2 protein chains.
Amino acid sequence: MSISPILDNLSRALTALPGVGRRSANRHALYLLQNRDDAAQLISTLSQALEKLSPCSKCRNLCEGELCSICQDPYRSCETLCVVERLADLQAFERGGAYRGRYFVLGGVLSPLDGVGPEQLGIPDLLRLCHTENVSEVILAMGSSSEGEATAHFLDQALGASAVRRTRLARGIPMGAELEYMDENTLSRALEARSTI
Amino acid sequence: MSISPILDNLSRALTALPGVGRRSANRHALYLLQNRDDAAQLISTLSQALEKLSPCSKCRNLCEGELCSICQDPYRSCETLCVVERLADLQAFERGGAYRGRYFVLGGVLSPLDGVGPEQLGIPDLLRLCHTENVSEVILAMGSSSEGEATAHFLDQALGASAVRRTRLARGIPMGAELEYMDENTLSRALEARSTI
């Protein structure tokens with residue numbers, strides 16, 4: 001089956017990408033070797049990104065230089081800090097544009113079995129930041145997985161000693177969703193948290 | 001929404017991969033920047049593959065050096081030549097292991113509107129090969145798209161002048177398939193081409 005071990009190595013490297021299995025990786029590898037301009041473009045943009053982008057020293061967003069554009073923006077409030085699991089979550093909030101505070105990117109969730117503790121998620125830096133920047137509210141915007149919930153709980157405890165207010169995202173029916181297709185958990189949460197019109 | 005134009009460039013380069021849209025490309029880009037070892041591995045394997053692999057001078061399979069392992073294999077018959085659209089099709093035949101002849105990889109199908117003519121598919125080389133290697137049978141193993149059929153028809157005509165036998169893959173019900181889910185076209189072809197038990 002194998003055309004060459006060199007091709008196999010490339011395929012294996014491509015399976016590292018999220019959601020890319022052996023078959024897609026092979027397809028990507030063949031595509032890249034048959035479209036050399038695209039492959040060269042990928043190498044050059046990826047090399048440049050690896051060289052130029054690094055975590056923001058304050059919020060762990062990716063940026064060129066020391067501080068990211070959000071942390072540098074004087075019009076964004078330092079009082080509210082939104083803690084997210086991943087960079088993609090930060091991007092999702094920014095697409096909306098409704099949030100005008102700052103962020104902190106954990107880069108994952110607590111998972112002691114995989115060796116991911118508070119240190120790996122930068123939680124000591126987060127606590128220090130809350131103190132030095134006079135943060136008054138921390139939004140714990142973790143996902144609703146059990147690890148996400150556990151991480152939010154841990155942060156809630158860790159911040160408990162300070163005067164900072166801890167909030168979380170509202171649970172409920174997403175906009176435009178059909179009730180019929182909602183899971184029971186979401187429905188009962190939405191019922192509980194119902195509001196007067 | 002955009003974290004950095006450098007990240008956007010990387011995402012754009014990743015959308016070139018088959019089946020990767022803007023969202024997946026962004027996800028891949030963030031993954032690579034957060035998993036630098038995997039990114040470095042991708043750059044090094046891809047650079048090596050681009051440097052070392054090139055089309056086989058006989059059959060246009062990818063290989064290191066002048067001739068691919070299939071063309072070099074003295075146990076494989078030169079008499080039968082299987083013409084495929086893409087490298088992935090060659091891989092599919094090789095996975096099975098039933099075919100012991102040689103190949104010719106077109107690298108696409110005829111598509112005059114996109115500027116893909118016989119030259120681009122190496123058809124002159126293919127005709128020369130049939131002559132010099134004393135090929136007695138050419139299997140036209142194109143896909144069943146209309147472009148694939150047109151390419152097979154063109155090759156059939158082009159080879160018509162020589163004594164070479166032209167064959168095509170059997171059409172019928174795939175192994176293990178449920179008749180109920182077969183399309184009418186496949187069913188009627190399978191009926192037409194029925195064989196005595």
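Proteins get letters first, then strands, A, B, ... in listed order; numbering begins at 1 in each. Quick caveat, the model's predicted, so the values are computed rather than measured.
When heavy atoms are compared at a cutoff of 4.5 Å, A:Arg60 does not approach chain B at all. At a 4.5 Å heavy-atom cutoff, the contact between A:Gln34 and chain B is made by side-chain atoms alone. Contacts between B:Glu64 and chain A at a heavy-atom distance below 4.5 Å involve the side chain alone, from C-beta outward.
Residues B:Val20 and B:Leu32 share a hydrophobic cluster, clusters being chains of Ile/Leu/Val/Met/Phe/Trp/Tyr side chains in contact below 4.5 Å. There is no path of hydrophobic side-chain contacts, each under 4.5 Å, that joins A:Val84 to A:Leu110. A:Val164 and A:Leu106 fall within a single hydrophobic cluster, where Ile, Leu, Val, Met, Phe, Trp and Tyr side chains are chained together by heavy-atom contacts under 4.5 Å. Hydrophobic clustering (side-chain heavy atoms under 4.5 Å, transitive across Ile, Leu, Val, Met, Phe, Trp, Tyr) groups A:Met142 together with A:Val135. One hydrophobic cluster, built from ILVMFWY side chains closer than 4.5 Å, holds both A:Phe154 and A:Val138.
To the nearest 0.5 Å, the span separating CG on A:Asp38 from CZ on B:Arg12 amounts to 13.0 Å. Note: A:Gln48 CD to B:Leu7 CG = 11.5 Å, rounded to the nearest 0.5 Å. Note that CG of A:Leu17 and CG of B:Leu17 are 8.0 Å apart. Values are rounded to the nearest 0.5 Å. Taking CZ of A:Arg27 as the reference point, atom CG of B:Leu87 lies at 13.5 Å (rounded to 0.5 Å). Between A:Leu30 atom CG and B:Leu62 atom CG the span is 7.0 Å, to the nearest 0.5 Å. Note that CG of A:Leu10 and NZ of B:Lys52 are 13.5 Å apart. Values are rounded to the nearest 0.5 Å.
Top candidate by heavy-atom pairs under 4.5 Å with chain A, chosen from B:Arg86, B:Gln41, B:His28, is B:His28. Among A:Asn61, A:Asn35, A:Leu42, the residue with the largest count of heavy-atom pairs under 4.5 Å with chain B is A:Leu42. Among A:Leu53, A:Ile70, A:Asn9, the residue making the largest number of heavy-atom pairs under 4.5 Å with chain B is A:Leu53. Highest contact tally toward chain B, considering only A:Cys63, A:Ala49, A:Ala29, is held by A:Ala49 [criterion: heavy-atom pairs under 4.5 Å]. Your options are B:Gly19, B:Pro18, B:Gly97, B:Ala92, and the one with the most heavy-atom pairs under 4.5 Å with chain A is B:Pro18.
Within 6.0 Å of the CD atom in A:Glu79, the count of heavy atoms belonging to other residues, nucleotides or ligands does not exceed 12. Heavy-atom contacts from other residues, nucleotides or ligands closer than 6.0 Å to CZ of B:Arg165 number 12 or fewer. The neighbour count for B:Arg23 CZ, taken as heavy atoms of other residues, nucleotides or ligands under 6.0 Å away, does not exceed 12.
With contacts defined as side-chain heavy-atom distances shorter than 4.5 Å, the pair B:Ile43/A:Ser47 qualifies.
Smallest separation of non-hydrogen atoms from B:Leu50 and A:Ala39: CD1-CB, 3.8 Å.
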